[in-house]
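Presented below is the structure to which this report refers.
None of these values were measured; they are calculated from a predicted model.
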Amino acid sequence: MTATFNADSFRELVLYVAWRTRDDPRFGQVKMAKTLFYTDFQAYADEGKAVTAATYKHWPYGPFPPVLYEVEAELVDAGLAELRKGEVEGEEHKLIVAEEPATPHVEPWQRAFVDMKIKELAPLTATQVSEDSHKHPG
């Protein structure tokens, strides 16, 4: 049985992670992608179903949901977020959200898990997070 991608949950989690990390200039697109990845995979392991059921591709910097690009563009077009490009070479893009988002499609335990992953990933560099994600059995 294949899970169906939940675009609402994915969009809400992207906004939520951007909101929770708004003051951390080092929490860019790589950490966003890994937070989403770990959330989906841990929810599946714990509950038998992923939060978003996004497809994660094996990319050079680890698992990445290609739909993230589309969702970021939609959020920017809708005026819900701004995408700041890195100012120096090697600096990541960062999604900036002005208001705390509503997350009706994300359960409280799922938000708590996201908060835990954000806390774990925050002190690491994007390179460290990417390298660690390659070790995940997926």
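Residue Pro101 forms a side chain to side chain contact (heavy atoms under 4.5 Å, CB included) with just one option from Leu80, Val17, Leu15, Leu75, and that option is Leu15. Each of Tyr38, Tyr44, Phe37 was checked for a ring-ring contact (aromatic ring centres under 6.0 Å, His included) with Phe41, and the lone residue meeting it is Phe37.
Between the side chain of Arg26 and the main chain of Pro123, a donor-acceptor pair closer than 3.5 Å is present. Side-chain atoms of Gln42 never come within 3.5 Å of backbone atoms of Thr39 as a donor-acceptor pair (strictly under, hydrogens ignored). Lys34 places a side-chain N or O within donor-acceptor distance of the main-chain N or O of Pro63, the cut-off being under 3.5 Å. For the pair Thr125 (side chain) and Gln128 (backbone), a donor-acceptor distance under 3.5 Å is present. Put simply, the side chain of Lys117 never gets that close to the backbone of Ala112: no donor and acceptor are under 3.5 Å apart. Lys31 places a side-chain N or O within donor-acceptor distance of the main-chain N or O of Leu121, the cut-off being under 3.5 Å. Put simply, the side chain of Arg11 never gets that close to the backbone of Asn6: no donor and acceptor are under 3.5 Å apart.
From Leu13, atom CG reaches atom CG of Asp8 across 11.0 Å, with rounding to the nearest 0.5 Å. For the atom pair CD of Glu74 and CD of Glu72, the computed distance is 11.0 Å after rounding to the nearest 0.5 Å. For the atom pair Lys94 NZ and Arg84 CZ, the distance stands at 9.0 Å (nearest 0.5 Å).
Closest approach of Ala18 and Leu95 over heavy atoms only: CB-O, 3.6 Å. Scanning all heavy atoms of the two residues, the minimum distance from Ala102 to Pro104 falls at C-CD, 3.4 Å.
Residues Val114 and Ile96 do not share a hydrophobic cluster, clusters being chains of Ile/Leu/Val/Met/Phe/Trp/Tyr side chains in contact below 4.5 Å. Both Val97 and Met32 are assigned to one and the same hydrophobic cluster, defined by single-linkage of ILVMFWY side chains at heavy-atom distances under 4.5 Å.
Glu12 and His105 share a side-chain donor-acceptor pair at under 3.5 Å. A donor-acceptor contact closer than 3.5 angstrom links the side chains of Thr103 and Arg111.
Residues Tyr69 and Gln29 have side chains in contact (heavy-atom distance under 4.5 Å, counting atoms from C-beta outward). Between Arg20 and Asp115 the shortest side-chain heavy-atom distance falls below 4.5 Å.
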N/O donor to acceptor pairs below 3.5 angstrom from side-chain atoms of residues 47-56, sequence neighbours left out:
unit_1: Thr52; atom_1: OG1; unit_2: Asp40; atom_2: OD1; d: 3.2
unit_1: Thr52; atom_1: OG1; unit_2: Asp40; atom_2: OD2; d: 2.4
unit_1: Thr52; atom_1: OG1; unit_2: Ala54; atom_2: N; d: 3.1
unit_1: Tyr56; atom_1: OH; unit_2: Leu36; atom_2: O; d: 3.0
unit_1: Tyr56; atom_1: OH; unit_2: Asp40; atom_2: OD2; d: 2.7

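A ring-ring contact (aromatic ring centres under 6.0 Å, His included) check over residues 3-36, counting only residues at least two apart or in different chains, returns the pairs Phe5-Phe10.
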